[in-house]
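Structure, as structure tokens:
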Amino acid sequence: MSGEESGRLERLSEVLKRRGILLPAFEIHGGAKGLYDFGPVGGRLRTRVNQNWLNHWLSLGNIVELSCPTVTPYEVLEASGHVGEFSDFMTVCTSCDEASRADTLLEGHHPNPDSLSKSELQSLLNSVQPSCPSCAAAEWSEITAENLMFNTTIGAGKSGRPGFLRPETAQGMFTSFPALYRHNRERLPFGAVQVGKGYRNEISPRQGMIRLREFNMAELEYFINPHEQEEHDFSSWNEISVNLVAENHGEMHLTFDVAVRDGIIRHPTVGYFMAQTYDFLKNIGIDVERLRFRQHESNEMAHYASDCWDAEILGSYGWVECVGIAHRGCYDLEAHEKATGKSLRARREFDQPRVIEIDGWTIDGAKAGPAFRNRAGMVKAAVERLDSGTEFPCEITLEDGETAIVEQEHVKRNQRTETQTGEWYIPHVVEPAFGIDRIIWHLLDHAYDESEKNGETYTTLRLSEHVAPVDYCVFPLFEKDGMDKIARLVHSKLCSRAGVVSMYDGSGSIGRRYARADEIGVPRCITVDHQSLEDQTVTVRDRDSGNQQRVHIDSL
RNA sequence: GCGGAUAUGGUGUAGUGGUAACAUAGGAGGUUUCCAACCUCUUGUCGCGGGUUCGACUCCCGCUAUCCGCACCA
């Protein structure tokens, strides 16, 4: 970052703090790392971004909104892989009490210590006995798993159950799949969105809003049938050439349509959501000249994902990942299915019914049951795998490794025709996940404008009116002669409208009040002047052009 | 987590072992016929905890937070 840029960043942060947009949280208690307040102005900015996001996706027509708990039982996040994925294995030096990561200590003794399990790390640690980086001793405590998720206990005392604050909103949407499937009349594709808080106990939060311990996120889980290709209409983006950084291709400018057709974007639904993401970001005021989509390298992608693109936005901290759009395959639903034994599947009917000839053996329960007793189940499974030509008696190997002798009388021939009209499959998921705080940061970064006015720096926050925290400021030119009365009337009239925020400001010179409004990005200021007293008209000033229009109070 | 630097009104800064200054901002009043003007009055500050000292915002220690590297993470 150049000196000039870091100066701009400092001035921007100062304005955000001074104007109540973004502030360190709990500051009177000394502050808390990785936690921020959206202040009296920022609070509504966040709400409006969230609302725009929800509206954007709900308008697609087959998407519903969910709200799931942030407190999440251990089992849920174990099933999803977070417990394993989000853990660091720590050990403590017994002589100086310094905690170290076990895998870091063992670098050089194993090609990839990060990939080892807890017990493998423990035995490697025991045999290597690395010296402590701070005191050089070589005695280590037993390895413990330190989690990047916030631990909590759900319930009190002995009945308390371990849990975490969720590290993402997605899991609640996966576990709600049965309800979503029913709600959507058992027809795919459909999606669920959720806006809410996520928590990660980051070792070292940095760079202001970029890495937080509690953050706002917004995720869409879009469930699709992998056997069918959904048609997506890209025609409204045909004129837009977007900056793509593709694996093995480098940086290129293509339309979404072409990128999907040429297989750069590997799945059309991923491409469609990238295009929708482009629209959303543009709509709330991100400068699309400073937006790019970067494809994950194959080795960077989670193992279950088949394609993943990050929307990256260029701001004071360089290119920052703000949205991730991933094709997650069936990983998540399958993981919860395995952990719970509950079906998280959708039904599809075949074009043609499939006729399957079954010709083999099964057990005769009345004979085999008493003969094999508690092993009868395993015998049944083994017998049903036998070829139709098998002759009895016959020795078979059971799944526990033991063998059993099966007599002719234990079995019977199983010959029948089965007709399958369809099957139950695990839907695939395409997931656009948005980091709202990072997006808001870049919104502010892109909107922050410094210009010269009479030799002084003049600050304007050129926020889109879709997200501007305050819609109108109402000023009496002077707070006397009845101008203040009319201004207060206009103000309360605007405020009474649903979803409109107006601020009355009567202190200081008119120029000062315009400047204050510009600094928090109010799109329009309404001024009541002497003429208003005579003909009930007011001036409406546009933030970006400074132009004023005179309109009647009733037509506001 | 490691190393370095820093912490003074809302914001930006000055300064001192004897209880704090400047600018700006905020409030009230006046003035002013539209873009941080002017005048008067006014509000508000030494991050937290401990130690040294008759006395600590100042010196020492610890903590917390911020910034910069490294590491970590996406």
Side-chain angles (χ1 to χ4, degrees), chain A residues 1 6-7 9-20 23-36 39-40 85-86 88 90 92 98-101 103-104 107 114 133-134 146 148 167-168 198 200-208 210-213 215 217 294 296 300-302 308 310-312 317 319-324 326 433 435 438 451 453-460 473 475-481 483 505-519 525-534 538-543 545-548 550:
Chain A
M1 202 185 305
S6 74
L9 178 58
E10 269 169 36
R11 293 189 298 277
L12 168 58
S13 306
E14 182 210 316
V15 168
L16 297 179
K17 208 169 162 187
R18 183 158 43 82
R19 288 297 178 200
L23 313 97
F26 311 119
E27 214 185 2
I28 62 167
H29 286 279
K33 218 172 184 177
L35 300 175
Y36 268 82
E85 198 59 26
F86 276 50
D88 283 333
M90 305 298 292
V92 176
E98 187 78 14
S100 294
R101 282 184 51 166
D103 58 334
T104 312
E107 270 169 15
D114 195 28
S134 56
E146 296 286 326
L148 283 176
E168 58 173 36
R200 291 184 194 182
N201 206 357
E202 296 283 356
I203 294 171
S204 165
R206 279 285 176 87
Q207 301 181 308
I210 304 300
R211 211 147 99 237
L212 299 171
R213 288 193 166 129
F215 45 94
M217 57 195 323
R294 192 180 66 79
H296 280 210
E300 171 184 23
M301 229 167 350
C308 185
D310 286 342
E312 298 183 329
Y317 297 109
W319 288 101
V320 173
E321 169 207 342
C322 295
V323 184
R438 290 180 175 189
S451 54
K453 201 164 181 179
N454 306 324
E456 273 183 61
T457 309
Y458 191 88
T459 313
T460 310
C473 277
F475 309 140
L477 185 57
F478 304 111
E479 234 176 356
K480 61 179 185 183
D481 302 336
M483 284 182 269
D505 191 354
S507 80
S509 74
I510 190 73
R512 175 176 296 255
R513 284 176 273 163
Y514 283 136
R516 285 196 283 238
D518 287 342
E519 211 168 41
C525 293
I526 294 170
T527 302
V528 173
D529 59 11
H530 293 88
Q531 196 179 326
S532 311
L533 298 169
E534 286 156 28
V538 293
T539 63
V540 179
R541 166 190 179 269
D542 177 76
R543 177 193 66 206
S545 65
N547 293 338
Q548 287 184 324
R550 185 164 281 278

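These values consider heavy atoms only, across backbone and side chains, with no hydrogens, waters or symmetry-generated copies. Worth saying up front: this structure is predicted, and the values here are computed from it rather than measured. We name chains A, B, ... by the order of the sequence lines, and we start the count at 1 in each one.
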Hey, does [X] reach any base, or is it just sugar-phosphate, or nothing, if we go heavy atoms under 4.0 Å?
{"X": "A/E312", "value": "nothing"}
{"X": "A/G324", "value": "nothing"}
{"X": "A/E321", "value": "base"}
{"X": "A/K17", "value": "sugar-phosphate"}

Taking only the [atom1] atom of each, what is the distance from [N] to [M] in whole angstrom?
{"N": "B/C46", "M": "B/U19", "atom1": "P", "value": "15 Å"}
{"N": "B/G9", "M": "B/C2", "atom1": "C1'", "value": "35 Å"}
{"N": "B/U58", "M": "B/G69", "atom1": "C1'", "value": "30 Å"}

Who are the side chain to side chain contact (heavy atoms under 4.5 Å, CB included) partners of A/A433, not counting sequence neighbours?
A/E219, A/E431
I'd like to check the side chain to side chain contact (heavy atoms under 4.5 Å, CB included) partners of A/A517; sequence neighbours left out, ordered by chain and number.
A/C473, A/F475, A/V522, A/C525
Strictly under 3.5 Å: I want the nitrogen or oxygen pairs between protein and nucleotides 23-25 of chain B, one per line.
from	atom 1	to	atom 2	distance (Å)
B/A25	OP1	A/R512	NH1	3.0
B/A25	OP1	A/R512	NH2	3.2

Looking at A/D518 and A/R541, is any side-chain nitrogen of the basic one under 4.0 Å from a carboxylate oxygen of the acidic one?
yes
Protein-nucleotides 47-49 of chain B N/O pairs closer than 3.5 Å?
none

Residues two or more places apart in sequence or in another chain: which of them pass side chain to side chain donor-acceptor pair (under 3.5 Å) with [X]?
{"X": "A/R200", "result": "none"}
{"X": "A/D542", "result": "A/S545"}
{"X": "A/E479", "result": "A/Y504"}
{"X": "A/H296", "result": "A/D310"}

Nucleotides 28-34 of chain B: which of its N/O atoms have a protein N/O under 3.5 Å away?
from	atom 1	to	atom 2	distance (Å)
B/C34	O2	A/Y514	OH	2.4
B/C34	O2	A/Q548	NE2	2.9
B/C34	N3	A/Y514	OH	3.4
B/C34	N3	A/T539	OG1	3.3
B/C34	N3	A/Q548	NE2	3.3
B/C34	N4	A/D529	OD2	2.9
B/C34	N4	A/T539	OG1	2.8

List every contact pair, protein side and nucleotides 43-45 of chain B side both N or O, where the distance is under 3.5 Å.
none

Dot-bracket, 5' to 3', for RNA chain B please: Watson-Crick or G-U pairs under 3.5 Å, [ ] where pairs cross earlier ones, | where the partner sits on another strand, dots elsewhere.
(((((((..((((....[..)))).(((((.......)))))....(((((..]....))))))))))))....
Distance check needed: B/C70 C1' versus A/Q207 CD, whole Å only.
14 Å
Checking A/E321 now: which residues fulfil salt bridge (charged side-chain N to carboxylate O under 4.0 Å, His left out) with it, not counting sequence neighbours?
none
